[in-house]
Amino acid sequence: MSIAANVAALRARIPAAVTLVAVSKTQPAEAIREAYGAGQRDFGENYAQEWKAKADALSDLGELRWHFVGSLQTNKVRTLAGRVAFVHAVDRLELARELGKRFGAAGATVRAFLEVNTGGEETKGGCRPEEAPALAAEIARIPGLSLVGLMVIPPPEEDPVPHFRRLRELRDRLGLAELSMGMSGDWERAIAEGATFVRVGTAIFGPRPAKAP
Ligand SMILES: *Cc1c(COP(=O)(O)O)cnc(C)c1O
């Protein structure tokens with residue numbers, strides 16, 4: 001199926017209240033343009049330099065909203081300031097403070113998700129679930145940043161549903177609005193568990209090229 005057909009098929013199945021983020025990492029700018037032409041407006045990228053090249057090439061697409069979904073180094077925040085609407089993988093105070101500072105200086109507010117490592121994976125980003133309440137309270141006070149919800153990437157070899165449930169319980173306890181969870185293989189289960197943002201790559205764009213173009 002074409003990118004446009006994939007977008008249309010997904011949109012037909014995803015409730016209107018759920019934001020479909022098309023994750024376009026390693027895909028060429030023309031693939032994003034095709035999805036945009038089919039009505040897709042929210043796009044997610046993982047690498048700051050790659051994102052910037054595409055954002056510059058696509059600056060004529062006036063309604064495009066960028067989401068940064070990858071793990072983010074503090075020294076890359078400056079590149080994103082004022083041009084990215086959402087950052088999905090905020091997992092430490094230092095990063096949240098830098099986002100608030102740089103977006104605030106650009107006269108903008110970035111909407112942020114606190115990433116929670118519900119799987120306890122050593123090598124993955126995300127704060128520990130026990131840390132989340134205190135961290136969320138600190139982050140919520142930062143000007144230039146609006147903490148909107150929680151995000152999770154479940155361990156790939158596990159059933160994602162218990163991780164989605166844990167994230168939702170935590171979100172409810174913290175009184176936040178949004179849940180960023182679900183990818184190509186599990187977005188339907190994520191929506192059934194309350195996702196309000198799903199991040200879908202290969203089900204829209206097909207397999208990823210090995211290297212960034
Ligand atoms: C790549 C990526 C996705 C999309 O993954 P697919 O399996 O291709 O849908 C979603 N979220 C994050 C954080 C990603 O890095």
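Remember, it's 1-based here, ligands and their atoms both numbered in the order they're listed.
The ring-ring contact (aromatic ring centres under 6.0 Å, His included) pairs that include a residue from residues 162-181 number zero, where partners must be two or more places apart or lie in different chains. Counting only residues at least two apart or on different chains, no side-chain hydrogen bond (donor to acceptor under 3.5 Å, both in side chains) pair has a member in residues 138-151. Applying the salt bridge (Lys or Arg N to Asp or Glu O under 4.0 Å) rule to pairs touching residues 61-86 yields Arg41-Glu63, Asp42-Arg65, Asp56-Arg83, sequence neighbours excluded.
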Sub-3.5 Å pairs, protein N or O with ligand 1 N or O:
from	atom 1	to	atom 2	distance (Å)
ligand 1	8 (O)	Thr202	N	2.9
ligand 1	8 (O)	Thr202	OG1	3.2
ligand 1	8 (O)	Arg208	NH1	2.8
ligand 1	8 (O)	Arg208	NH2	3.2
ligand 1	9 (O)	Ser184	N	2.9
ligand 1	9 (O)	Ser184	OG	2.5
ligand 1	9 (O)	Gly201	N	2.8
ligand 1	11 (N)	Arg199	NE	2.9
ligand 1	15 (O)	Lys25	NZ	2.7
ligand 1	15 (O)	Asn46	ND2	2.7

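Nearest approach of Gly206 to Gln27, heavy atoms of both residues: O-NE2, 3.6 Å.
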Using the rule given for side chain to side chain contact (heavy atoms under 4.5 Å, CB included), can you reason through Phe86 versus Trp66, listing the C-alpha separation, both sets of side-chain angles and the distance that settles it, and then say yes or no? CA-CA 7 Å; Phe86 291 86; Trp66 288 112; over 6 Å; no
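Two residues are said to be in side-chain contact when any heavy atoms from C-beta on lie closer than 4.5 Å; Arg199 and Trp187 fail this criterion.
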